[in-house]
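A short write-up of the structure that comes next.
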Amino acid sequence: TNTTTNTDTNTMGGDGLSLYRAVCRTQKELAGVLSSVRHAPLRDGSLGDECTRLAAAFRRNCERLILTDIQLAHDKDIGKQLWKHGFYAIIQDVRSRKRRRKSGTPKPSEHEDLLFHSFLQQASGFYRRLLLTLKEHYNVALGTAVDWAYDGPVQPISDPATPTHALLLCHRCLICLGDLARYGEDNTEEYNPAKHYYQQAAVLLPDDGAPHNQLAVLVSATPSPVSSFVAAYHYVRSLLARSPFGNTALNLRALYEQNTAQYEERGKGPMSNDPAVILPRFLTQYLHIHQVLFLRDTLDSFETMCNDIVQTFDACLGLDPAVLRAAGFTIPSEVIFYASIINVAAVHLAQTHAEHIQRFEDCSVFLAFRMFNSVCRYAAESFGHGAHAQRDGRSGESLLCIVNVFLRWAMSERMRSCFHAKQGATSLKQLWGHVSDLLNFLSNQTADDTVLRVGDATWVSSVMLPEDIELKGFLALPEPACSPSAAVCDAGLENQSKERARRSLHLGRRLAASSHCSLSFDSEAMLFSASQQAAAPSAQKSAMQREQQGRLMAQRLLESEVSRLESDVRSSRKRAVPSPYIVPDAAAFASNLQLIQELVGSEEFVVNVSASTIDGLDRLKAGKQRINRGARQAIHFLVDQLDRGSPFVRSQTPQDAVPEVTEFEGCTPETLSLFAYASFVAYCQSPRPDLVTILSSDPALTESATNSGLSVQTLPEFHRTFKASKRSR
């Protein structure tokens with residue numbers, strides 16, 4: 001027809017606008033032909049000569065526009081249009097026909113399959129040629145990202161935007177080549193061109209999340225616990241790129257939901273010693289707990305799940321490397337490396353979520369600390385058996401890249417305040433202890449001048465390690481300390497191990513010089529230590545807490561006295577000042593936890609938790625009512641505060657000299673126990689027992705405590721007094 005006689009522009013020249021009009025015209029004609037033949041029978045297994053001719057014309061026009069006016073091609077997103085209309089529309093049409101015919105008759109012929117594979121090969125040839133043409137025409141420096149495209153000398157060009165646009169198109173070419181190889185279904189474990197192209201695209205533009213999303217889609221094609229785990233890694237990498245892929249969050253949600261059945265089958269029940277069971281169990285458990293964090297499910301059983309995962313993870317650390325390789329991993333530590341990165345990503349996602357909830361951040365941090373603790377402990381123990389010793393088949397050196405990830409993470413701006421706030425946590429103190437042991441082993445194996453030199457803040461590495469390339473563009477980690485001209489480290493494992501040791505010592509020295517962690521370094525003895533852990537005899541720690549409480553009590557006494565004097569001088573109504581020591585019962589915690597959290601957050605009160613309150617919360621936690629949920633949340637809050645070593649929350653200990661209390665009329669044993677503990681707290685503040693208030697709504701307790709000189713208020717009343725006092729200051 002007349003409308004299709006001039007669909008192709010026959011010269012390379014011409015202005016960009018005329019070429020763009022030709023692109024639009026051929027695209028419209030091609031879409032019309034595809035629509036007309038969509039439900040028509042194929043002739044000789046093809047879509048017909050007219051469709052083939054129009055598709056070829058459309059591709060040529062797109063390519064000429066790209067090479068003539070790349071700015072216009074970039075503005076009109078010609079790279080995307082070329083793939084969508086020139087190739088993908090045809091591929092989808094053929095694949096939908098094949099699906100329809102597989103479910104009916106006749107079955108697709110071998111001739112049709114051969115034609116489809118021939119089309120995919122021709123499309124791959126087109127994109128390989130286009131990438132090389134872009135490289136030559138616009139002098140694009142591909143570096144080592146594309147191993148089959150020789151990178152000769154690059155000539156300077158006048159327009160600085162041109163290589164950026166050309167680089168983006170080269171990146172799209174690699175994605176399309178990966179998609180075409182994936183559609184060909186010719187990928188095997190030994191030869192996987194789709195994976196190869198996607199990895200090249202990730203290296204070429206690490207800030208783009210599309211390659212990792214496609215890698216996840218590729219690996220998910222063969223369902224298994226291992227493939228689901230690797231897919232989850234690539235999805236979170238896509239999410240935490242500067243330009244995340246649009247559907248990645250939905251894809252990750254679907255992956256987690258598909259894992260639910262596997263978790264019910266493999267992730268529960270008693271622990272097995274069978275190596276073939278340990279790894280799948282860990283992978284399904286791990287995906288399930290991250291499903292809870294990502295989908296923001298209930299955290300009621302999070303601590304139990306975390307303990308189960310760490311137990312299985314420790315067992316995985318002892319697996320023979322051959323078992324992991326048989327499960328589809330190319331290096332023994334890859335599963336541990338991926339798990340560490342997913343943990344870091346979960347913390348970052350919780351911290352940056354539009355609706356930030358501290359509890360989810362705390363849980364994700366707790367999981368990351370526990371698993372990093374296992375890795376650092378295992379690595380330190382392995383080095384303790386000798387520089388190259390292996391325990392259960394795995395060397396400490398194979399885990400150094402993960403230790404480096406943790407140290408880099410600790411150096412990030414976002415984690416500084418988090419590490420500082422959680423210095424008292426048991427898991428973190430243990431972690432720094434294992435890190436210091438490991439760094440001392442590394443220091444003993446490294447020349448003294450190297451140890452001193454890497455501590456310099458200006459020190460940079462002259463080489464890049466494989467994990468540096470793998471993690472490039474990952475938003476949750478700061479960039480490694482590499483010089484701009486850093487070359488890729490030699491493939492020899494000995495060279496990589498030495499470089500990782502230098503990196504670890506450098507990061508350890510930098511962290512020790514900071515104030516946000518418990519790691520310290522003695523430059524004279526050349527030794528690392530976990531400073532808080534070294535000062536942790538229980539008696540000394542208790543003395544420090546008592547000293548903090550004493551200072552707080554003195555501050556509150558001064559505030560009370562000043563308030564009284566101001567009231568007398570001004571002859572005004574006496575201002576009520578809430579007492580600084582409070583003893584809530586279980587009902588107060590379960591019903592109004594947010595008020596107690598606010599009092600603790602003000603850093604003006606010490607919450608004293610009696611054994612009877614803990615028992616009461618334990619009884620209340622079972623059930624679906626609001627008070628049952630409140631009891632569970634209160635338990636989590638108290639565990640977190642006590643684990644941090646907060647000076648504003650104190651629990652009853654066996655050493656507390658709690659007096660015996662005779663039975664008051666109408667008081668339950670739980671109320672008597674609460675009153676006895678409150679009396680002990682008041683005795684500690686002698687001669688000012690009025691500094692202690694029991695928070696309870698029990699009327700029997702109110703009468704009994706008042707007769708003994710103790711104050712009893714409901715929590716809402718006490719909170720209102722506090723707010724009024726705060727306003728009048």
Side-chain angles (χ1 to χ4, degrees), residues 358-359 361-362 365-366 417-426 428-429 516 518 532 535-536 538 540-560 577-586 588-614 617 630 633-653 655-656 674 677-678 680-685 688-696 710-711 713 715-723 725-726 729:
Q358 187 63 41
R359 177 71 175 140
E361 179 183 343
D362 290 343
V365 169
F366 180 69
S417 59
C418 180
F419 274 88
H420 183 73
K422 298 181 184 297
Q423 283 189 77
T426 302
L428 188 55
K429 288 190 292 185
H516 70 279
S518 304
Q532 272 205 349
S538 58
Q540 182 177 356
K541 183 177 179 183
S542 298
M544 292 174 62
Q545 289 182 343
R546 286 196 299 270
E547 183 181 352
Q548 286 178 317
Q549 292 176 353
R551 286 197 300 267
L552 183 63
M553 183 185 72
Q555 177 186 350
R556 296 296 295 158
L557 278 170
L558 180 61
E559 289 179 357
S560 179
V577 179
S579 57
Y581 295 93
I582 54 178
V583 186
D585 63 5
F589 270 107
S591 302
N592 294 287
L593 176 61
Q594 70 277 9
L595 299 185
I596 293 179
Q597 290 173 324
E598 184 178 343
L599 295 175
V600 172
S602 71
E603 300 185 355
E604 297 185 26
F605 303 92
V606 176
V607 177
N608 296 269
V609 187
S610 70
S612 63
T613 298
I614 297 295
L617 289 173
Q633 293 169 357
I635 292 171
H636 287 306
F637 170 73
L638 291 174
V639 169
D640 179 65
Q641 292 294 314
L642 295 171
D643 194 34
R644 292 184 186 184
S646 171
F648 305 106
V649 177
R650 183 190 184 280
S651 65
Q652 181 177 345
T653 67
Q655 291 75 30
D656 293 340
L674 177 71
Y677 181 63
F680 164 75
V681 176
Y683 173 78
C684 293
Q685 317 311 324
R688 293 293 306 274
D690 57 308
L691 293 175
V692 180
T693 298
I694 300 175
L695 300 181
S696 174
L710 289 177
S711 172
Q713 286 183 275
L715 179 53
E717 288 173 348
F718 185 87
H719 183 263
R720 284 195 295 271
T721 304
F722 163 63
K723 300 296 282 187
S725 170
K726 198 171 182 181
R729 292 176 197 173

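Position 1 is the first residue of the sequence, and the numbers go up from there. Note that the structure is a prediction, hence the values are computed from the model and not measured.
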Measuring from Asp362:CG to Asp640:CG, what's the distance to the nearest 0.5 Å? 5.0 Å
To the nearest 0.5 Å, what is the distance between CD on Glu598 and CZ on Phe722? 6.0 Å
Quick one: side chain to side chain contact (heavy atoms under 4.5 Å, CB included) partners of Leu593, sequence neighbours excluded? Phe589, Gln597, Gln633, Ala634, Phe637
Sorted by chain and number, sequence neighbours left out, side chain to side chain contact (heavy atoms under 4.5 Å, CB included) with Ile635 holds for Leu617, Lys621, Val639
Which heavy atom of Ala588 sits nearest a heavy atom of Leu715, and at what distance? O-CD2, 3.7 Å
Listed by chain and number, what are the side chain to side chain contact (heavy atoms under 4.5 Å, CB included) partners of Gln652, not counting sequence neighbours? Ser610, Ala611, Asp656, Val658, Tyr677
Side chain proximity check, Pro584 to Thr613, heavy atoms < 4.5 angstrom: no
Sorted by chain and residue number, the side-chain hydrogen bond (donor to acceptor under 3.5 Å, both in side chains) partners of Arg359 (sequence neighbours excluded) come out as His636
Any idea which heavy atoms bring Asn608 and Val606 closest together, and the distance? ND2-O, 3.2 Å
Partners meeting salt bridge (Lys or Arg N to Asp or Glu O under 4.0 Å) with Glu717 (sequence neighbours left out): none
Reported CD-to-CZ distance for the pair Gln641 and Arg650, which is rounded to 0.5 angstrom: 15.5 Å
Any chance you could lay out the side-chain contact (heavy atoms from CB on, under 4.5 Å) test for Ser651 and Leu642, step after step, and finish with the verdict? CA-CA 8 Å; Ser651 65; Leu642 295 171; 4.0 Å; yes
Rounded distance (nearest 0.5 Å) linking atom OG of Ser646 with atom CG of Leu638: 10.5 Å
Indicate the atoms forming the closest heavy-atom contact of Ala678 with Val692, along with that distance. O-CG1, 4.2 Å
Set out, in order, the CA-CA distance, both residues' side-chain angles and the distance that settles side-chain contact (heavy atoms from CB on, under 4.5 Å) for His719 and Gln594, then state yes or no. CA-CA 11 Å; His719 183 263; Gln594 70 277 9; over 6 Å; no
Would you say Asn592 and Pro716 make side-chain contact, with heavy atoms under 4.5 Å? yes
Which pair of non-hydrogen atoms, one from Ser696 and one from Asp585, has the smallest distance, and what is that distance? OG-OD2, 2.8 Å
Ignoring hydrogens, what is the shortest heavy-atom contact between Ser579 and Phe718? Give both atom names and the distance. O-CZ, 3.4 Å
